[in-house]
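Numbers here are sequence positions counted from 1.
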Amino acid sequence: MARHLTLYILLGLVLGLIVGWGMHAAIGQGGATADILKAASQAFPIVTTLFLRLIKMIIAPLVFSTLVIGIAHMGDTGALGRVGLRSLLWFVCASLLSLSLGLLLVSVLQPGVGLGLPLPPVAADAGIDKAAFNLNDFVTHIVPASVVQAMADNEIIQIVVFSVFVGVGITSVGDKAAPLVRAAEALATVMLTITNYVMRLAPLAVFAAVANTLVERGPEVIAQLGYFMLSFYLGLALLWVLLIAVAFVMVGPRTRLLIRYIRDPLLLAFSTASSEAAYPRTLEALERFGVPPKIASFVLPLGYSFNLDGSMMYMTFASLFIAQAYGIHLTLGAQITMLLVLMVTSKGIAGVPRASLVVIAATLPLFKIPEAGLLLILAVDHFLDMGRSATNVVGNAVAASVIARWEGSLNPAADPDLETPVIV
């Protein structure tokens, strides 16, 4: 099933490109056929939305159950603290790498210099709600006022905090809490089974997502900002190489298996432009690779809040691109300051809609860069988000694998054809 799913997702991606492009061209010609196709295209976002809602339905109970199991099996709070500190150390280093690489490449390639597009007026409103990001609110927002509300809203970081308290409490109580551990194990198994059911719809959702994007935007918008997009994807490719190289150094040659196992979640994240959609499959892939459930279920949710490597690289890349488009020169000191500011503010993007754009919009005024410059990249943001989402999957998979190796607990890889991992 796993190998077939990858093939079906790729097929859905290709068909989506062909159908979306063809429908966009036909609609542009007008006539009765165009009206029919335009009406038919309205079904595409419905399919994609339903699939993403099904995935979100799974995430909260899956994160809670697997994280509680992981902490309970760690045996003591010392191991939990050690894994937590190592995770945060990795996240900080990976963040600096992503932000610095984006800063370096945009300075070398200069995709915004000599841009042939009309610039938006400096005072224009980009339509991004900067109030959605506030560092002070984020710090207090980490702790849930209600775990029911946190799960209803899929607030991953709040679910993580609550799960840590429950896991530590279970460890402290000991044998009396054994029924709760068995219940969490049963819940995790059920959620992973449901994941397998939902994933059968993935190729259809990928087809609809890609087709809808091309029907709405068309290929012309890609051509207009082609150099910018090409430069950014080059940066993502280099970031992948660096992350995988670190994995080879830390984990060894079996990193090739990791790449093989994360193909499905990677393709899913890319096609739907959603890292969240890939979460359940990424967790399965890590456990098949040999990352113990107690580490995978702890590091992965944290990574979704603090280790979005693709999104962080995009922040420095897009910010300097806008500055270049307006002819604003930033000194090396200003660029380093921007990197450090984004290093902090990027940790508050979990759960914020269009998070990367929100953080960029909040950062640009600090360096006297017109926020309206975001209008330049909004048209192609979906295509860039596809690459960012896939990179986030790679970054978090590498993080969990490296931390498992640091802990000396990386298990032998499961059979490549094994579909459902066993939670122990």
Side-chain angles (χ1 to χ4, degrees), residues 98-99 101-103 105-107 109-135 137-138 213 216-218 220-233 235-236 273-275 308-330 334-335 337-389 391-392:
S98 304
L99 292 166
L101 186 59
L103 194 71
L105 283 176
V106 76
S107 299
L109 299 175
Q110 298 189 331
V113 175
L115 189 68
L117 296 176
L119 295 176
V122 172
D125 184 8
I128 305 296
D129 182 14
K130 289 179 287 188
F133 173 80
N134 182 290
L135 188 60
D137 290 345
F138 169 72
T213 300
E216 287 185 349
R217 307 280 186 186
E220 298 85 1
V221 71
I222 301 177
Q224 290 175 337
L225 289 169
Y227 183 54
F228 169 61
M229 295 180 64
L230 181 63
S231 301
F232 179 65
Y233 270 91
L236 291 181
S274 171
S275 305
L308 301 177
D309 295 327
S311 299
M312 284 182 284
M313 181 177 174
Y314 181 65
M315 291 176 194
T316 48
F317 203 95
S319 298
L320 285 187
F321 167 78
I322 294 169
Q324 291 172 359
Y326 280 101
I328 299 172
H329 174 71
L330 295 179
Q335 293 183 35
T337 302
M338 177 184 285
L339 184 149
L340 295 175
V341 168
L342 290 171
M343 174 70 188
V344 176
T345 55
S346 65
K347 303 311 173 194
I349 67 177
V352 178
R354 303 171 83 184
S356 300
L357 295 176
V358 170
V359 174
I360 293 169
T363 304
L364 291 180
L366 300 177
F367 300 90
K368 298 185 173 15
I369 302 172
E371 176 198 328
L374 281 171
L375 294 171
L376 288 170
I377 58 177
L378 282 179
V380 295
D381 185 67
H382 179 83
F383 299 102
L384 301 174
D385 200 13
M386 294 167 73
R388 297 197 301 260
S389 300
T391 304
N392 294 339

Which pair of non-hydrogen atoms, one from [X] and one from [Y], has the smallest distance, and what is that distance?
X	Y	answer
S98	T316	O-OG1, 4.5 Å
A273	D385	O-OD2, 3.4 Å
I322	P370	CG2-O, 3.9 Å
L101	G235	CD2-O, 3.7 Å
Y227	Q110	CE2-O, 4.1 Å

Are [X] and [Y] packed together at the side-chain level, in the sense that at least one heavy-atom pair is separated by less than 4.5 angstrom?
X	Y	answer
M312	L342	no
L330	M338	yes
F317	P111	yes
M386	Y233	yes
L236	M313	yes

Nearest 0.5 angstrom please: L339 CG to L99 CG, how far? 5.0 Å
From L320 atom CG to L105 atom CG, the distance as rounded to the nearest 0.5 Å: 11.0 Å
Okay, side chain of Q324, backbone of V106: is any donor-acceptor separation there less than 3.5 Å? yes
Can you label the angle between the Y314 ring and the F232 ring as parallel, tilted or perpendicular, going by 30° and 60°? perpendicular
For S275, which residues count as a side chain to side chain donor-acceptor pair (under 3.5 Å) partner, sequence neighbours excluded? N392
